[in-house]
There are 2 protein chains.
Amino acid sequence: MQEPQKLKKSDRTRLAILTAAGTLFAQNGFDRTTVRDIAAEAGADPALVVRYFGGKEALFVQSADFSLGLEALPPIATSELGQTLAGHFLDVWEGERAGGLPVLLRSASSNELAAERMREIFGKQVAPFLRTYLPADQIPTRAALISSLLLGVALGRYILKLPPLVALTRQQIVSLIGQTLQTLAFGDIAGDKGETAVS
Amino acid sequence: MQEPQKLKKSDRTRLAILTAAGTLFAQNGFDRTTVRDIAAEAGADPALVVRYFGGKEALFVQSADFSLGLEALPPIATSELGQTLAGHFLDVWEGERAGGLPVLLRSASSNELAAERMREIFGKQVAPFLRTYLPADQIPTRAALISSLLLGVALGRYILKLPPLVALTRQQIVSLIGQTLQTLAFGDIAGDKGETAVS
DNA sequence: CATGTATATCAACAATCGTTGACTTTATGA
DNA sequence: TCATAAAGTCAACGATTGTTGATATACATG
(Lines give C-alpha, C1' and ligand atoms only; values in the text may rest on other atoms or scores of the structure.)
Protein backbone atom coordinates (compact mmCIF):
# COMPACT_ATOMS: atom_id res chain seq x y z
CA MET A 1 0.00 0.00 0.00
CA GLN A 2 1.00 3.59 -0.49
CA GLU A 3 0.57 6.49 1.89
CA PRO A 4 -2.86 8.08 1.60
CA GLN A 5 -1.01 11.23 0.48
CA LYS A 6 0.77 9.67 -2.45
CA LEU A 7 -1.15 8.50 -5.42
CA LYS A 8 -0.83 5.22 -7.15
CA LYS A 9 1.97 5.23 -9.64
CA SER A 10 -0.41 5.00 -12.54
CA ASP A 11 -2.45 7.93 -11.29
CA ARG A 12 0.68 10.03 -11.03
CA THR A 13 1.58 9.59 -14.67
CA ARG A 14 -2.05 9.99 -15.52
CA LEU A 15 -1.97 13.35 -13.79
CA ALA A 16 1.32 14.25 -15.41
CA ILE A 17 -0.19 13.64 -18.81
CA LEU A 18 -3.27 15.68 -17.97
CA THR A 19 -1.14 18.55 -16.75
CA ALA A 20 1.10 18.49 -19.76
CA ALA A 21 -1.92 18.38 -22.01
CA GLY A 22 -3.40 21.41 -20.28
CA THR A 23 -0.20 23.36 -20.76
CA LEU A 24 0.31 22.46 -24.38
CA PHE A 25 -3.31 22.71 -25.47
CA ALA A 26 -3.50 26.15 -23.86
CA GLN A 27 -0.27 27.16 -25.55
CA ASN A 28 -0.72 25.85 -29.06
CA GLY A 29 -4.31 24.76 -29.47
CA PHE A 30 -5.67 21.34 -30.33
CA ASP A 31 -4.34 20.90 -33.85
CA ARG A 32 -0.80 22.05 -33.22
CA THR A 33 -0.42 19.91 -30.12
CA THR A 34 0.65 16.34 -30.80
CA VAL A 35 0.19 13.33 -28.59
CA ARG A 36 3.92 12.83 -28.79
CA ASP A 37 4.57 16.33 -27.48
CA ILE A 38 2.24 15.78 -24.56
CA ALA A 39 3.86 12.47 -23.71
CA ALA A 40 7.33 13.99 -23.90
CA GLU A 41 6.35 16.91 -21.66
CA ALA A 42 4.88 14.46 -19.18
CA GLY A 43 7.87 12.15 -19.34
CA ALA A 44 5.67 9.31 -20.51
CA ASP A 45 5.04 7.21 -23.55
CA PRO A 46 2.57 8.26 -26.25
CA ALA A 47 0.84 4.94 -25.91
CA LEU A 48 -0.09 5.77 -22.33
CA VAL A 49 -2.10 8.72 -23.53
CA VAL A 50 -4.32 6.34 -25.42
CA ARG A 51 -4.34 3.83 -22.59
CA TYR A 52 -5.39 6.30 -19.92
CA PHE A 53 -7.58 8.70 -21.82
CA GLY A 54 -8.73 6.82 -24.86
CA GLY A 55 -7.22 9.17 -27.40
CA LYS A 56 -6.33 12.75 -28.16
CA GLU A 57 -9.89 14.02 -28.41
CA ALA A 58 -10.97 12.51 -25.12
CA LEU A 59 -7.91 13.98 -23.44
CA PHE A 60 -8.77 17.35 -24.88
CA VAL A 61 -12.28 17.19 -23.52
CA GLN A 62 -10.94 16.49 -20.04
CA SER A 63 -8.40 19.29 -20.35
CA ALA A 64 -11.11 21.73 -21.35
CA ASP A 65 -13.34 20.94 -18.41
CA PHE A 66 -13.66 23.86 -16.03
CA SER A 67 -16.06 26.23 -14.37
CA LEU A 68 -16.36 29.99 -14.37
CA GLY A 69 -17.18 29.82 -10.68
CA LEU A 70 -19.90 32.45 -10.93
CA GLU A 71 -22.15 30.58 -8.54
CA ALA A 72 -19.64 31.22 -5.75
CA LEU A 73 -19.89 34.99 -6.06
CA PRO A 74 -21.59 36.76 -3.16
CA PRO A 75 -24.68 38.89 -3.89
CA ILE A 76 -23.73 42.03 -5.75
CA ALA A 77 -25.26 45.48 -5.91
CA THR A 78 -26.70 46.06 -9.35
CA SER A 79 -24.54 49.11 -9.83
CA GLU A 80 -21.38 47.08 -9.30
CA LEU A 81 -22.31 44.05 -11.31
CA GLY A 82 -20.01 44.90 -14.20
CA GLN A 83 -16.95 45.61 -12.13
CA THR A 84 -17.38 42.49 -10.07
CA LEU A 85 -17.85 40.39 -13.15
CA ALA A 86 -14.80 41.88 -14.84
CA GLY A 87 -12.64 41.36 -11.77
CA HIS A 88 -13.81 37.81 -11.30
CA PHE A 89 -13.15 36.98 -14.92
CA LEU A 90 -9.61 38.28 -14.65
CA ASP A 91 -9.08 36.22 -11.51
CA VAL A 92 -10.31 33.08 -13.20
CA TRP A 93 -8.17 33.65 -16.24
CA GLU A 94 -5.00 34.39 -14.37
CA GLY A 95 -5.57 31.94 -11.53
CA GLU A 96 -4.58 28.34 -11.20
CA ARG A 97 -8.01 27.11 -12.11
CA ALA A 98 -7.96 28.85 -15.47
CA GLY A 99 -6.70 25.73 -17.17
CA GLY A 100 -9.63 24.94 -19.36
CA LEU A 101 -10.39 28.48 -20.43
CA PRO A 102 -7.24 29.17 -22.44
CA VAL A 103 -7.45 25.66 -23.79
CA LEU A 104 -10.91 26.30 -25.13
CA LEU A 105 -10.27 29.78 -26.45
CA ARG A 106 -7.19 28.60 -28.33
CA SER A 107 -9.15 25.95 -30.15
CA ALA A 108 -12.74 27.13 -30.33
CA SER A 109 -12.17 29.08 -33.53
CA SER A 110 -11.14 26.10 -35.58
CA ASN A 111 -12.47 23.15 -33.62
CA GLU A 112 -16.17 22.47 -33.48
CA LEU A 113 -15.76 20.31 -30.40
CA ALA A 114 -14.21 23.20 -28.51
CA ALA A 115 -16.77 25.61 -29.89
CA GLU A 116 -19.59 23.45 -28.60
CA ARG A 117 -18.04 23.23 -25.15
CA MET A 118 -17.65 27.01 -25.16
CA ARG A 119 -21.29 27.53 -26.06
CA GLU A 120 -22.29 25.16 -23.31
CA ILE A 121 -20.16 26.73 -20.61
CA PHE A 122 -21.05 30.32 -21.29
CA GLY A 123 -24.65 29.48 -22.06
CA LYS A 124 -25.20 27.48 -18.90
CA GLN A 125 -23.10 29.51 -16.48
CA VAL A 126 -23.47 33.15 -17.41
CA ALA A 127 -27.20 33.09 -18.03
CA PRO A 128 -28.21 31.61 -14.65
CA PHE A 129 -25.94 34.10 -12.95
CA LEU A 130 -27.89 37.01 -14.43
CA ARG A 131 -31.21 35.63 -13.16
CA THR A 132 -31.15 37.92 -10.13
CA TYR A 133 -30.42 41.07 -12.03
CA LEU A 134 -32.39 40.94 -15.24
CA PRO A 135 -35.86 40.07 -16.53
CA ALA A 136 -35.99 36.51 -17.79
CA ASP A 137 -36.69 37.32 -21.42
CA GLN A 138 -33.60 39.48 -21.72
CA ILE A 139 -31.19 37.04 -20.15
CA PRO A 140 -30.09 34.91 -23.11
CA THR A 141 -29.28 37.94 -25.23
CA ARG A 142 -27.50 39.82 -22.47
CA ALA A 143 -25.59 36.73 -21.42
CA ALA A 144 -24.37 36.15 -24.96
CA LEU A 145 -23.30 39.77 -25.34
CA ILE A 146 -21.51 39.77 -22.01
CA SER A 147 -19.80 36.51 -22.87
CA SER A 148 -18.68 37.95 -26.18
CA LEU A 149 -17.14 40.98 -24.53
CA LEU A 150 -15.31 38.88 -21.98
CA LEU A 151 -14.07 36.51 -24.66
CA GLY A 152 -13.00 39.45 -26.79
CA VAL A 153 -10.98 40.92 -23.96
CA ALA A 154 -9.40 37.54 -23.25
CA LEU A 155 -8.63 37.14 -26.92
CA GLY A 156 -7.02 40.55 -27.11
CA ARG A 157 -5.09 40.39 -23.87
CA TYR A 158 -4.06 36.78 -23.54
CA ILE A 159 -4.10 35.29 -27.02
CA LEU A 160 -3.38 38.09 -29.49
CA LYS A 161 -1.51 40.00 -26.79
CA LEU A 162 -2.41 43.41 -28.16
CA PRO A 163 0.29 45.53 -26.51
CA PRO A 164 -1.98 48.27 -25.11
CA LEU A 165 -4.27 45.65 -23.61
CA VAL A 166 -1.41 43.76 -22.03
CA ALA A 167 -0.11 46.99 -20.56
CA LEU A 168 -3.33 47.83 -18.74
CA THR A 169 -3.38 47.33 -14.98
CA ARG A 170 -5.96 45.14 -13.40
CA GLN A 171 -7.62 48.19 -11.94
CA GLN A 172 -7.92 49.88 -15.30
CA ILE A 173 -9.44 46.85 -16.94
CA VAL A 174 -11.89 46.29 -14.14
CA SER A 175 -12.97 49.90 -14.36
CA LEU A 176 -13.36 50.17 -18.11
CA ILE A 177 -14.69 46.71 -18.81
CA GLY A 178 -16.87 47.05 -15.74
CA GLN A 179 -18.57 50.14 -17.15
CA THR A 180 -18.88 48.43 -20.49
CA LEU A 181 -20.47 45.37 -18.97
CA GLN A 182 -22.98 47.62 -17.24
CA THR A 183 -23.89 49.05 -20.62
CA LEU A 184 -24.27 45.61 -22.11
CA ALA A 185 -26.35 44.37 -19.21
CA PHE A 186 -28.65 47.33 -18.73
CA GLY A 187 -28.43 49.40 -21.90
CA ASP A 188 -31.51 49.84 -24.04
CA ILE A 189 -32.21 47.28 -26.68
CA ALA A 190 -33.61 48.78 -29.82
CA GLY A 191 -36.58 46.62 -30.67
CA ASP A 192 -38.19 46.59 -34.06
CA LYS A 193 -40.90 48.87 -32.73
CA GLY A 194 -38.89 51.02 -30.35
CA GLU A 195 -36.60 53.84 -31.31
CA THR A 196 -32.87 53.74 -31.02
CA ALA A 197 -31.79 55.43 -27.83
CA VAL A 198 -28.48 57.19 -28.23
CA SER A 199 -26.16 58.46 -25.52
CA MET B 1 -4.69 37.39 -77.55
CA GLN B 2 -7.63 37.31 -75.20
CA GLU B 3 -10.39 39.86 -74.74
CA PRO B 4 -9.44 42.56 -72.27
CA GLN B 5 -12.37 41.25 -70.16
CA LYS B 6 -11.12 37.69 -69.85
CA LEU B 7 -8.02 36.90 -67.93
CA LYS B 8 -5.18 34.76 -69.05
CA LYS B 9 -5.82 31.11 -68.42
CA SER B 10 -3.16 30.93 -65.75
CA ASP B 11 -4.59 33.93 -63.94
CA ARG B 12 -8.00 32.34 -63.91
CA THR B 13 -6.83 29.25 -62.09
CA ARG B 14 -4.71 31.46 -59.94
CA LEU B 15 -7.83 33.34 -58.96
CA ALA B 16 -9.78 30.13 -58.52
CA ILE B 17 -7.19 28.89 -56.08
CA LEU B 18 -7.20 32.16 -54.19
CA THR B 19 -10.98 32.12 -53.94
CA ALA B 20 -11.09 28.52 -52.82
CA ALA B 21 -8.41 29.25 -50.26
CA GLY B 22 -10.41 32.16 -48.91
CA THR B 23 -13.49 30.03 -48.53
CA LEU B 24 -11.79 27.09 -46.88
CA PHE B 25 -9.47 29.09 -44.64
CA ALA B 26 -12.45 31.08 -43.43
CA GLN B 27 -14.42 27.92 -42.86
CA ASN B 28 -11.89 25.66 -41.20
CA GLY B 29 -8.87 27.74 -40.29
CA PHE B 30 -5.29 27.33 -41.40
CA ASP B 31 -4.43 23.99 -39.85
CA ARG B 32 -7.53 22.12 -40.86
CA THR B 33 -7.36 23.29 -44.44
CA THR B 34 -5.12 21.22 -46.69
CA VAL B 35 -3.51 22.23 -49.93
CA ARG B 36 -5.24 19.28 -51.52
CA ASP B 37 -8.64 20.52 -50.36
CA ILE B 38 -8.00 23.95 -51.80
CA ALA B 39 -6.86 22.52 -55.10
CA ALA B 40 -9.90 20.26 -55.29
CA GLU B 41 -12.27 23.12 -54.52
CA ALA B 42 -10.57 25.19 -57.20
CA GLY B 43 -10.58 22.35 -59.70
CA ALA B 44 -6.83 22.49 -59.94
CA ASP B 45 -3.79 20.47 -59.04
CA PRO B 46 -2.12 20.79 -55.63
CA ALA B 47 1.18 21.44 -57.35
CA LEU B 48 -0.21 24.62 -58.84
CA VAL B 49 -0.74 26.04 -55.38
CA VAL B 50 2.96 25.84 -54.84
CA ARG B 51 3.74 27.05 -58.34
CA TYR B 52 1.56 30.15 -58.12
CA PHE B 53 1.80 31.10 -54.49
CA GLY B 54 4.97 29.50 -53.24
CA GLY B 55 3.35 27.35 -50.61
CA LYS B 56 0.51 27.09 -48.13
CA GLU B 57 1.74 29.82 -45.80
CA ALA B 58 2.22 32.35 -48.57
CA LEU B 59 -1.23 31.58 -49.90
CA PHE B 60 -2.65 32.10 -46.44
CA VAL B 61 -1.01 35.48 -46.12
CA GLN B 62 -2.58 36.59 -49.40
CA SER B 63 -5.97 35.22 -48.35
CA ALA B 64 -5.81 37.13 -45.10
CA ASP B 65 -5.07 40.46 -46.72
CA PHE B 66 -7.88 42.93 -46.31
CA SER B 67 -8.85 46.33 -45.00
CA LEU B 68 -11.40 47.45 -42.46
CA GLY B 69 -12.20 50.37 -44.72
CA LEU B 70 -12.44 52.82 -41.84
CA GLU B 71 -10.70 55.56 -43.78
CA ALA B 72 -13.65 55.68 -46.18
CA LEU B 73 -16.13 56.56 -43.46
CA PRO B 74 -17.53 60.10 -43.60
CA PRO B 75 -17.03 62.38 -40.59
CA ILE B 76 -19.14 61.26 -37.68
CA ALA B 77 -20.71 63.10 -34.78
CA THR B 78 -18.99 62.07 -31.57
CA SER B 79 -22.27 60.93 -30.09
CA GLU B 80 -22.83 58.50 -32.95
CA LEU B 81 -19.32 57.13 -33.21
CA GLY B 82 -20.20 53.82 -31.59
CA GLN B 83 -23.25 53.10 -33.68
CA THR B 84 -21.49 53.99 -36.90
CA LEU B 85 -18.54 51.83 -36.01
CA ALA B 86 -20.75 48.90 -35.07
CA GLY B 87 -22.77 49.18 -38.25
CA HIS B 88 -19.71 49.47 -40.43
CA PHE B 89 -18.12 46.47 -38.80
CA LEU B 90 -21.21 44.38 -39.47
CA ASP B 91 -21.20 45.52 -43.08
CA VAL B 92 -17.58 44.56 -43.52
CA TRP B 93 -18.08 41.19 -41.93
CA GLU B 94 -21.16 40.26 -43.89
CA GLY B 95 -20.12 41.89 -47.14
CA GLU B 96 -18.22 40.50 -50.05
CA ARG B 97 -15.00 42.12 -48.98
CA ALA B 98 -15.01 40.39 -45.62
CA GLY B 99 -12.82 37.60 -46.95
CA GLY B 100 -9.72 38.14 -44.91
CA LEU B 101 -11.45 38.86 -41.64
CA PRO B 102 -13.01 35.44 -41.02
CA VAL B 103 -9.83 33.89 -42.31
CA LEU B 104 -7.79 35.69 -39.70
CA LEU B 105 -10.20 35.21 -36.83
CA ARG B 106 -10.42 31.48 -37.49
CA SER B 107 -6.68 31.09 -37.25
CA ALA B 108 -5.40 33.87 -35.02
CA SER B 109 -5.94 31.85 -31.86
CA SER B 110 -3.59 29.08 -32.80
CA ASN B 111 -1.42 30.59 -35.50
CA GLU B 112 1.15 33.19 -34.63
CA LEU B 113 1.32 34.36 -38.23
CA ALA B 114 -2.38 35.14 -38.22
CA ALA B 115 -2.14 36.72 -34.78
CA GLU B 116 0.57 39.06 -35.96
CA ARG B 117 -1.47 40.10 -38.99
CA MET B 118 -4.44 40.72 -36.71
CA ARG B 119 -2.38 42.91 -34.40
CA GLU B 120 -1.12 44.84 -37.37
CA ILE B 121 -4.50 45.41 -38.97
CA PHE B 122 -6.33 46.48 -35.87
CA GLY B 123 -3.37 48.40 -34.55
CA LYS B 124 -2.79 50.35 -37.72
CA GLN B 125 -6.37 50.88 -38.83
CA VAL B 126 -8.47 51.43 -35.73
CA ALA B 127 -6.03 53.70 -33.93
CA PRO B 128 -5.66 56.27 -36.75
CA PHE B 129 -9.40 56.31 -37.16
CA LEU B 130 -9.84 57.47 -33.57
CA ARG B 131 -7.42 60.37 -34.04
CA THR B 132 -10.24 62.82 -34.61
CA TYR B 133 -12.23 61.83 -31.59
CA LEU B 134 -9.79 61.16 -28.79
CA PRO B 135 -6.68 62.65 -27.20
CA ALA B 136 -3.54 61.08 -28.60
CA ASP B 137 -2.36 59.44 -25.39
CA GLN B 138 -5.60 57.52 -24.96
CA ILE B 139 -5.80 56.20 -28.50
CA PRO B 140 -3.77 52.99 -28.30
CA THR B 141 -5.65 51.76 -25.25
CA ARG B 142 -9.07 52.70 -26.55
CA ALA B 143 -8.31 51.24 -29.96
CA ALA B 144 -7.28 47.94 -28.43
CA LEU B 145 -10.38 47.79 -26.26
CA ILE B 146 -12.66 48.64 -29.14
CA SER B 147 -10.95 46.05 -31.30
CA SER B 148 -11.41 43.46 -28.59
CA LEU B 149 -15.10 44.13 -28.31
CA LEU B 150 -15.59 43.94 -32.06
CA LEU B 151 -13.58 40.75 -32.26
CA GLY B 152 -15.52 39.32 -29.35
CA VAL B 153 -18.82 40.00 -31.05
CA ALA B 154 -17.55 38.52 -34.29
CA LEU B 155 -16.31 35.50 -32.40
CA GLY B 156 -19.65 35.02 -30.68
CA ARG B 157 -21.87 35.67 -33.67
CA TYR B 158 -19.96 34.27 -36.61
CA ILE B 159 -17.55 31.70 -35.23
CA LEU B 160 -19.06 30.26 -32.06
CA LYS B 161 -22.53 31.09 -33.32
CA LEU B 162 -23.98 31.71 -29.88
CA PRO B 163 -27.70 31.32 -30.63
CA PRO B 164 -28.92 34.52 -28.95
CA LEU B 165 -26.26 36.52 -30.78
CA VAL B 166 -27.13 34.99 -34.11
CA ALA B 167 -30.78 35.79 -33.50
CA LEU B 168 -30.21 39.50 -32.98
CA THR B 169 -31.22 41.82 -35.78
CA ARG B 170 -28.74 44.19 -37.27
CA GLN B 171 -30.54 47.08 -35.66
CA GLN B 172 -30.34 45.54 -32.21
CA ILE B 173 -26.65 44.85 -32.50
CA VAL B 174 -25.87 48.30 -33.79
CA SER B 175 -27.79 49.81 -30.94
CA LEU B 176 -26.36 47.75 -28.11
CA ILE B 177 -22.82 47.43 -29.37
CA GLY B 178 -22.96 51.07 -30.37
CA GLN B 179 -23.71 52.15 -26.81
CA THR B 180 -21.04 49.81 -25.56
CA LEU B 181 -18.46 51.19 -27.95
CA GLN B 182 -19.29 54.68 -26.72
CA THR B 183 -18.54 53.51 -23.21
CA LEU B 184 -15.26 52.00 -24.27
CA ALA B 185 -14.26 55.06 -26.23
CA PHE B 186 -15.26 57.76 -23.78
CA GLY B 187 -15.72 56.08 -20.42
CA ASP B 188 -13.45 57.03 -17.53
CA ILE B 189 -10.21 55.21 -17.18
CA ALA B 190 -9.31 54.58 -13.59
CA GLY B 191 -5.71 55.71 -13.31
CA ASP B 192 -3.50 54.74 -10.44
CA LYS B 193 -4.18 58.10 -8.86
CA GLY B 194 -7.78 58.66 -9.87
CA GLU B 195 -10.83 57.13 -8.30
CA THR B 196 -13.01 54.57 -9.96
CA ALA B 197 -16.06 56.21 -11.44
CA VAL B 198 -19.05 53.94 -11.39
CA SER B 199 -22.35 54.26 -13.24
C1' DC C 1 3.33 22.52 -89.90
C1' DA C 2 6.98 23.08 -86.65
C1' DT C 3 8.93 25.05 -82.46
C1' DG C 4 9.14 26.86 -78.09
C1' DT C 5 6.80 28.33 -74.05
C1' DA C 6 3.18 28.40 -70.87
C1' DT C 7 0.22 25.52 -68.30
C1' DA C 8 -1.23 21.49 -66.18
C1' DT C 9 -0.76 16.60 -64.61
C1' DC C 10 1.06 12.82 -62.18
C1' DA C 11 3.56 9.95 -59.10
C1' DA C 12 6.36 9.97 -55.47
C1' DC C 13 9.22 11.88 -51.60
C1' DA C 14 10.06 12.46 -46.73
C1' DA C 15 7.99 13.79 -42.65
C1' DT C 16 4.55 13.60 -39.23
C1' DC C 17 0.36 12.17 -37.27
C1' DG C 18 -2.83 9.11 -33.98
C1' DT C 19 -3.16 4.66 -32.78
C1' DT C 20 -2.23 -0.27 -32.09
C1' DG C 21 -0.50 -4.67 -30.28
C1' DA C 22 3.18 -7.34 -28.69
C1' DC C 23 6.53 -7.23 -25.41
C1' DT C 24 9.26 -6.22 -21.00
C1' DT C 25 9.56 -4.49 -16.55
C1' DT C 26 7.81 -3.62 -12.03
C1' DA C 27 4.87 -4.22 -8.24
C1' DT C 28 1.48 -7.11 -5.62
C1' DG C 29 -0.35 -10.87 -2.95
C1' DA C 30 -0.73 -15.74 -1.63
C1' DT D 1 9.31 -17.76 -3.84
C1' DC D 2 6.30 -17.73 -7.47
C1' DA D 3 2.26 -16.60 -10.09
C1' DT D 4 -0.57 -12.78 -11.44
C1' DA D 5 -1.71 -8.27 -12.65
C1' DA D 6 -0.42 -3.67 -13.31
C1' DA D 7 2.49 -0.26 -15.60
C1' DG D 8 5.45 1.04 -18.98
C1' DT D 9 8.21 0.43 -23.39
C1' DC D 10 8.93 -0.22 -28.14
C1' DA D 11 8.44 -0.67 -33.04
C1' DA D 12 5.43 -0.40 -36.48
C1' DC D 13 0.97 0.38 -38.98
C1' DG D 14 -1.73 3.13 -42.19
C1' DA D 15 -3.12 7.57 -43.27
C1' DT D 16 -2.29 12.29 -44.35
C1' DT D 17 0.51 16.20 -45.00
C1' DG D 18 3.32 19.92 -47.90
C1' DT D 19 6.27 19.84 -51.47
C1' DT D 20 9.02 18.42 -55.51
C1' DG D 21 10.58 17.14 -60.17
C1' DA D 22 9.73 14.81 -64.27
C1' DT D 23 6.50 14.55 -67.80
C1' DA D 24 2.57 15.50 -70.64
C1' DT D 25 -0.72 18.70 -72.84
C1' DA D 26 -2.31 23.13 -74.74
C1' DC D 27 -1.29 27.22 -76.95
C1' DA D 28 0.95 30.93 -79.29
C1' DT D 29 4.28 32.29 -82.70
C1' DG D 30 7.50 31.65 -86.70
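So that the names make sense, note that chain A is the first sequence line, chain B the second, and so on, each numbered from 1. Because only heavy atoms are used, hydrogens play no part in the values below, and waters and symmetry mates are left out as well, while side chains stay in.
Judged as a salt bridge (charged side-chain N to carboxylate O under 4.0 Å, His left out), and not counting sequence neighbours, the contacts of A:R117 are A:D65, A:E120. Qualifying side chain to side chain donor-acceptor pair (under 3.5 Å) partners for B:Q138, counting only residues two or more places apart in sequence or in other chains: B:R142.
Around CZ of A:R170, the count of heavy atoms belonging to other residues, nucleotides or ligands within 6.0 Å exceeds 12.
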Could you go through residues 49-64 of chain A and list every donor-acceptor pair under 3.5 Å that involves a side-chain atom there, pairing it with any protein atom two or more places apart or in another chain?
{"from": "A:K56", "atom 1": "NZ", "to": "A:F30", "atom 2": "O", "distance (Å)": "3.0"}
{"from": "A:K56", "atom 1": "NZ", "to": "A:T33", "atom 2": "O", "distance (Å)": "2.7"}
{"from": "A:S63", "atom 1": "OG", "to": "A:L59", "atom 2": "O", "distance (Å)": "2.9"}

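Annotation: side chain of B:S110 is not in contact with side chain of A:D31 (no heavy-atom distance under 4.5 Å). Counting heavy atoms from C-beta outward, A:L105 and A:M118 have side chains that approach closer than 4.5 Å. Looking at A:V103 and A:F66, their side chains never come closer than 4.5 Å, going by heavy atoms from C-beta outward. Within the 4.5 Å cutoff, no side-chain heavy atoms of A:T19 are placed close to those of A:E41.
In this structure, A:Y52 reaches the D:dG8 phosphate: one of its side-chain N or O atoms is under 4.0 Å from OP1 or OP2. OP1 or OP2 of C:dT7 has not a single side-chain nitrogen or oxygen of B:T13 nearer than 4.0 Å.
Residues of residues 29-38 of chain A that place a heavy atom closer than 4.0 Å to DNA chain C, in numerical order, are A:T33, A:T34, A:V35, A:R36. Across residues 107-117 of chain B, not one residue has a non-hydrogen atom less than 4.0 Å from an atom of DNA chain C.
The backbone N or O of B:L162 lies less than 3.5 Å from no partner atom in the side chain of A:R119, so there is not a single donor-acceptor pair. At distances below 3.5 Å, not a single donor-acceptor pair connects side-chain atoms of B:D11 with backbone N or O atoms of B:R14.
Between the side chains of B:T183 and A:T183, a donor-acceptor pair is found at a separation under 3.5 Å.
With D:dT20, D:dT9, C:dT9 as the choices, the nucleotide that has an atom nearest any side-chain atom of B:D45 turns out to be C:dT9. When each of D:dC10, C:dG18, C:dT7 is scored by its nearest atom to the side-chain atoms of A:K56, the top-ranked nucleotide is C:dG18. Among D:dT20, C:dG21, C:dT19, the nucleotide with an atom closest to any side-chain atom of B:A47 is D:dT20.
Between B:G55 and B:R51, the one whose closest nucleotide on DNA chain D sits nearer the 5' end is B:G55.
Atom-to-atom, CZ of B:F60 to C1' of D:dT17 comes out at 17 Å; the value is rounded to the nearest Å. C:dG18 atom P lies 14 Å from atom CD1 of A:I17, rounded to whole Å.
Rounded to 10 degrees, the angle separating the terminal axes of the helix from C:dC1-D:dG30 to C:dA27-D:dT4 is 10°, with each axis obtained from five end pairs.
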